[in-house]
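Here's the structure we're looking at; comments come further down.
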Protein chains: 2
Amino acid sequence: MSIVLSRDSPQRVMENTVTNAEKYFGQFCSTLAAYTRKTARLRDKADQLVKELADFANTEHPEMRATVRDFAEDLAKVQDYRQAQVERLETKVISPLKLYGAHIKQTRAEIKKFKRVQKNEIKQLEKLEKLRQKSPSDRQMISQAETSVQRASADASRTTLQLEEVMDTFQQQKLKDLQRIFSDFVTIEMVFHAKAVEVYSSAFQTLESYDLETDLEDFRAKMHGVYGHHDARPLRDTVSSPALPWSFPGQGVQSTPRGQTEEEGSADESAEEDAVEDLRAQRQARHQ
Amino acid sequence: MSIVLSRDSPQRVMENTVTNAEKYFGQFCSTLAAYTRKTARLRDKADQLVKELADFANTEHPEMRATVRDFAEDLAKVQDYRQAQVERLETKVISPLKLYGAHIKQTRAEIKKFKRVQKNEIKQLEKLEKLRQKSPSDRQMISQAETSVQRASADASRTTLQLEEVMDTFQQQKLKDLQRIFSDFVTIEMVFHAKAVEVYSSAFQTLESYDLETDLEDFRAKMHGVYGHHDARPLRDTVSSPALPWSFPGQGVQSTPRGQTEEEGSADESAEEDAVEDLRAQRQARHQ
């Protein structure tokens with residue numbers, strides 16, 4: 001049985017459809033899962049910056065303190081949206097891609113069944129051919145073999161129709177799902193980026209309206225105290241240089257814990273705001 | 001010399017200003033560098049998805065092929081903007097923060113000098129006091145000690161004025177730089193997110209206009225060939241299940257190579273587009 005299938009034979013079309021779906025949906029799934037994990041890492045780093053900014057704000061003069069706090073607040077808001085992005089990617093992109101594993105397995109089983117039935121048809125045909133050459137006069141045997149061939153052919157036809165239906169549904173579903181999954185990916189990203197633009201625009205305003213002079217006067221007033229009542233007290237050696245992270249440490253592997261995924265079906269604007277508020281509460285609880 | 005400084009003494013104000021700047025600028029620098037690295041990882045993962053999409057497109061029917069190619073193209077465009085974001089963060093946020101290490105060291109040296117001179121003034125005062133108690137009649141010694149005190153006082157006054165000037169400049173520069181660096185951070189992020197919204201909007205249109213029916217007819221025509229000339233050829237066992245990445249592998253640590261940073265000073269719209277085009281060409285050359 002050394003029959004070579006042509007590149008574009010119908011069987012090949014079916015086989016390749018399943019094989020490519022398995023290969024590429026698998027790749028998309030693991031790459032998008034990694035993409036989502038990296039997004040979670042980015043969120044963690046920004047959360048860390050938020051914390052550092054809040055600490056720093058406490059050491060600053062009133063205007064800078066207020067400005068840095070507002071900026072940290074905005075940065076935290078972006079991370080809340082990023083968290084929502086991560087959870088949506090998991091629910092609407094990664095989960096459906098994961099499910100494809102089982103779906104493809106089932107379709108592959110159908111193809112196997114078809115091949116088995118097809119092989120049987122060929123076997124019966126070969127058997128009949130042999131009989132006709134070896135014992136052309138054995139009418140009874142030949143008649144029996146002919147019946148077997150007919151039965152096998154009917155089997156093959158039925159299975160072929162079944163497979164045709166399965167493959168049609170598979171392909172239709174696959175193309176629809178691809179369109180939907182990528183559209184969902186794009187929508188999730190788009191919503192996040194749009195929210196980020198909105199929040200950062202407000203952060204920009206905050207930073208632009210920072211009043212340097214008030215802080216500088218505050219600082220000068222405190223510093224000039226030294227020369228006002230020149231008391232010549234020695235400075236204690238508290239200005240020791242601590243071990244500081246000026247050099248960049250190797251990238252620590254960080255866990256990317258994720259909140260419980262509560263995905264609302266259709267996200268209208270206000271429901272979304274609510275969801276983000278919820279996430280925020282959860283995340284803040286986690287950070288404390 | 002067990003003089004305790006009050007929490008808000010002017011010296012403390014100066015010391016804390018420098019110590020906090022060192023601590024927090026160091027933190028901001030390393031956290032923002034990590035944030036930038038994570039952004040580069042995200043870019044790498046998305047680049048990988050672009051490559052997989054392009055490979056997949058080649059296995060698909062004409063409409064899906066065109067749609068997936070357009071989508072991959074848009075996704076690649078977002079990564080080009082992300083690359084620009086990474087390079088700008090390095091140039092306009094991380095580099096200036098890094099430079100603060102040296103700046104702070106210098107200011108710390110000024111404070112040390114001030115403390116030395118101040119200590120000397122106290123030492124001379126104490127010496128004079130002792131002389132007055134021990135040998136109140138030794139006019140010559142006392143006169144000498146008085147001269148020393150005067151000299152040390154003049155020294156301290158001069159150094160105090162110098163330090164005052166240094167600290168004033170330092171604080172002014174620090175507040176200005178903070179405002180500028182965070183504003184630059186926000187601007188860089190804002191530009192990236194705005195571009196992403198723009199590109200993803202176009203990607204969404206592409207995906208929405210995908211024509212499923214044409215592809216499905218194409219697929220059916222190829223598949224129905226089987227039953228048109230029902231040749232009962234066996235399917236070869238090429239549909240073997242390859243080792244596939246359905247399970248998620250541990251997150252491989254990836255290098256984040258960065259192109260040469262060519263940062264244009266003021267980025268007007270078209271210059272920016274050009275810059276992104278350049279980056280893209282560089283990155284594509286790297287990927288090939």
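This is a predicted model, so every value here is computed, not measured. As a basis for the values below, the full set of heavy atoms in this structure was taken, side chains included, without hydrogen atoms, waters or symmetry mates. By convention in this document, chain letters (A, B, ...) are assigned in the order of the sequence lines, proteins followed by strands, and residues within each chain are numbered from 1.
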Considering non-hydrogen atoms only, spot the tightest contact between A:Val13 and B:Phe219 and give its length. CG1-CE1, 3.9 Å
Between A:Tyr200 and B:Phe185, how do the two ring planes meet: parallel, tilted or perpendicular, split at 30° and 60°? perpendicular
Interatomic spacing from CG in A:Leu49 to CZ in B:Phe182 - rounded to 0.5 Å: 6.5 Å
Among A:Thr67, A:Val68, A:Leu178, A:Val199, which residue has the highest count of heavy-atom pairs closer than 4.5 Å to chain B? A:Leu178
Testing the basics here: between A:Gln27 and B:Glu52, what is the closest heavy-atom pair and its distance to 0.1 Å? OE1-CG, 3.0 Å
Value rounded to 0.5 Å, distance of CE in B:Met64 from CD in A:Gln171: 8.5 Å
Considering all heavy atoms of both residues, which atom of B:Glu164 and which atom of A:Met223 are nearest to each other, and what is their separation? O-CE, 3.6 Å
When rounded to the nearest 0.5 angstrom, what is the spacing between OG1 in B:Thr31 and CG in A:Asp47? 11.5 Å
Scanning both residues in full, the closest heavy-atom pair of B:Leu212 with A:Gln172 reads CD1-O, 4.1 Å
Residue among B:Val78, B:Leu53, B:Thr206 with most heavy-atom pairs under 4.5 Å to chain A: B:Leu53
Between CG on residue A:Asn20 and CZ on residue B:Phe56, distance to nearest 0.5 Å: 7.5 Å
Ignoring hydrogens, what is the shortest heavy-atom contact between B:Tyr35 and A:Ala46? Give both atom names and the distance. CE1-CB, 3.9 Å
Between B:Phe71 and A:Val186, is any pair of side-chain heavy atoms under 4.5 Å apart? yes
Quick one: does B:Arg41's side chain get under 4.5 Å of A:Arg41's, heavy atoms only? no
Quick one: which of B:Glu213, B:Gln179, B:Lys176, B:Arg180 has the most heavy-atom pairs under 4.5 Å with chain A, could you say? B:Gln179
Does a sphere of radius 6.0 Å around CD in A:Glu165 hold more than 12 heavy atoms from other residues, nucleotides or ligands, not counting ones at 6.0 Å or beyond? no
Is any side-chain heavy atom of A:Lys45 less than 4.5 Å from a side-chain heavy atom of B:Arg37? no
For the residue pair B:His193 and A:Phe192, establish whether any side-chain heavy-atom pair is separated by less than 4.5 Å. yes
Closest heavy-atom pair and its distance - B:Ser183, A:Leu207: OG-CB, 3.5 Å
Salt bridge present between B:Lys174 and A:Glu60 (N-O < 4.0 angstrom): yes
Highest number of heavy-atom pairs under 4.5 Å with chain B: which of A:Leu216, A:Leu42, A:Thr39, A:Leu32? A:Leu42
Side chains of A:Lys38 and B:Lys38 in contact at under 4.5 Å (non-hydrogen atoms): no
